[in-house]
Amino acid sequence: EGGSGLGQTSVDLCEHYRLSHAVGMNPCTTQVGFANALAAHRGLAEVTSHRICDATEEVYSLDAGTYDGAIAVECIGIFPDPKRFLEGAHRALRSGGRVCFTVVTTPKPASWFQHNIGSLFFGTRARTPQWWIDALEGAGFTGVERHDITQEVFPPMIQTVRKNLKEKPELLRMAGPAAGLAIRALIRNADRAVRNGTMGYEMFVAEKP
């Protein structure tokens, strides 16, 4: 798992599918410590391990052709080189193995606002679906699937941000007047972009032949 965060995804997958082995990759020392502690707490320390590293490089240390799946939820867009990660994931997967990730998408090259909206909510820049399809196929994957999960992700996220800003106005005061205005503008534009279909959130799945 590239960008494994606090480790909940790996725990859930190991428990649900009874995986024999899972590797999480994350450059954040604090999060990796929490993720490994969580795995130990759930009795999965011998099955799940998280490493402090850059996933785009660490993925190449995995044994080639041995993994069933590779995921990068809400993070592949901020990797230094997403295409390199996909190529490394392809190398690590066995034939029939699948890769899955989620990203902010736009039907055409993103505007300045869309890039910043993506960065505000997910820390990632928005790209077109075709960019990701080309990246997957360029890495050797086939059978690319797209699943639009915009309504399941963006409206609740926008609502949560607005609720937090309303209940904790000190957050905007700490950011300063200019930054506060910019954040409010980005939230309004995010809401509008989702409603008019100029920005979405998608899950991509593809297979190694």
Side-chain angles (χ1 to χ4, degrees), residues 1-14 19 21-36 38-39 47-106 109-110 114-147 149 153 201-209:
E1 179 182 5
S4 53
L6 298 176
Q8 189 65 56
T9 301
S10 293
V11 164
D12 290 345
L13 290 173
C14 284
L19 303 181
H21 183 56
V23 177
M25 296 170 280
N26 185 348
C28 179
T29 302
T30 303
Q31 289 187 344
V32 168
F34 183 94
N36 282 324
L38 176 63
V47 177
T48 303
S49 63
H50 295 266
R51 308 173 182 177
I52 303 169
C53 61
D54 173 1
T56 58
E57 298 302 326
E58 188 69 14
V59 69
Y60 288 89
S61 73
L62 303 178
D63 291 338
T66 58
Y67 286 79
D68 294 307
I71 59 174
V73 180
E74 295 184 4
C75 59
I76 192 171
I78 62 171
F79 286 177
D81 189 345
K83 292 181 179 180
R84 178 166 171 76
F85 174 79
L86 291 175
E87 290 164 359
H90 184 275
R91 171 187 172 278
L93 291 173
R94 63 170 178 78
S95 177
R98 300 203 297 173
V99 63
C100 173
F101 58 84
T102 56
V103 286
V104 178
T105 59
T106 55
Q114 289 167 329
H115 277 314
N116 283 278
I117 290 167
S119 297
L120 172 65
F121 289 112
F122 300 102
T124 180
R125 61 183 299 175
R127 293 185 170 97
T128 65
Q130 191 59 52
W131 193 95
W132 291 106
I133 292 171
D134 291 344
L136 283 164
E137 292 179 344
F141 289 100
T142 60
V144 178
E145 300 175 12
R146 289 171 54 194
H147 302 274
I149 54 175
V153 175
Y201 198 69
E202 296 187 46
M203 178 173 67
F204 287 77
V205 181
E207 183 175 307
K208 177 177 179 177

- Task: List for me each residue that meets side-chain contact (heavy atoms from CB on, under 4.5 Å) alongside L13, sequence neighbours excluded, and say none if there are none.
- Result: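 T9, Y17, L19, I71.
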
- Listed by chain and number, what are the side-chain contact (heavy atoms from CB on, under 4.5 Å) partners of A72, not counting sequence neighbours?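 Scan of A72 (side-chain contact (heavy atoms from CB on, under 4.5 Å), adjacent residues dropped) gives C75, I76, F79, F85, F101.
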
Would you name the heavy atoms of [X] and [Y] that are closest together and state the gap between them?
X: G77; Y: R127; result: O-NH1, 3.9 Å
X: A55; Y: G2; result: CB-CA, 3.9 Å
X: G140; Y: P209; result: O-CD, 3.3 Å
X: A39; Y: V11; result: CA-CG2, 4.2 Å

- Test salt bridge (charged side-chain N to carboxylate O under 4.0 Å, His left out) applied to D68 - qualifying residues, sequence neighbours left out: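 With sequence neighbours excluded, D68 shows a salt bridge (charged side-chain N to carboxylate O under 4.0 Å, His left out) to R94, given in chain and number order.
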
- Task: Using the test salt bridge (charged side-chain N to carboxylate O under 4.0 Å, His left out), find all partners of E87 that sit at least two apart in sequence or belong to another chain.
- Result: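 Salt bridge (charged side-chain N to carboxylate O under 4.0 Å, His left out) list for E87, sorted by chain: empty.
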
- Does CZ belonging to R98 count more than 12 external heavy atoms closer than 6.0 Å?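 Not buried by this count: 12 neighbours or fewer within 6.0 Å.
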
Taking only residues two or more places apart in sequence, or in another chain, which ones meet [X] in a side chain to side chain donor-acceptor pair (under 3.5 Å)?
X: S49; answer: none
X: T48; answer: none
X: D134; answer: Q130
X: N36; answer: none

Roughly how far, to the nearest 0.5 Å, is the [atom2] atom of [Y] from the [atom1] atom of [X]?
X: F204; Y: I133; atom1: CZ; atom2: CD1; result: 5.5 Å
X: W131; Y: T106; atom1: CH2; atom2: OG1; result: 12.0 Å
X: L93; Y: K208; atom1: CG; atom2: NZ; result: 6.5 Å
X: W132; Y: K83; atom1: CH2; atom2: NZ; result: 9.5 Å

- Query: Considering only heavy atoms from C-beta outward, does the side chain of L6 approach that of L38 to under 4.5 Å?
  - Reply: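 No; the side chains remain at least 4.5 Å from each other.
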
- Partner set under ring-ring contact (aromatic ring centres under 6.0 Å, His included) for F141, not counting sequence neighbours: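 ring-ring contact (aromatic ring centres under 6.0 Å, His included) check on F141 returns H90.
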
- Message: List the residues meeting ring-ring contact (aromatic ring centres under 6.0 Å, His included) with F34, not counting sequence neighbours, and say none if there are none.
- Response: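 With neighbours one apart ignored, the set is empty.
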
- Task: Sort and list the pairs that fulfil salt bridge (Lys or Arg N to Asp or Glu O under 4.0 Å) and have at least one residue in residues 55-66, not counting sequence neighbours.
- Result: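 For residues 55-66, and leaving out neighbouring residues, the salt bridge (Lys or Arg N to Asp or Glu O under 4.0 Å) pairs sorted by first residue read R51-E58, E57-R84.
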
- Query: Under the 3.5 angstrom rule, does the side chain of T102 hit a backbone N or O of E74 as a donor-acceptor pair?
  - Reply: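 Indeed, once roles are kept as given, a pair shorter than 3.5 Å links the two residues.
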
Sequence neighbours left out, cut at 3.5 Å: what donor-acceptor pairs do the side chains of residues 21-33 make with other protein atoms?
residue, atom, partner, partner atom, Å
H21, ND1, V47, O, 3.4
N26, OD1, C28, N, 2.9
N26, ND2, G5, O, 3.4
N26, ND2, Q31, OE1, 2.8

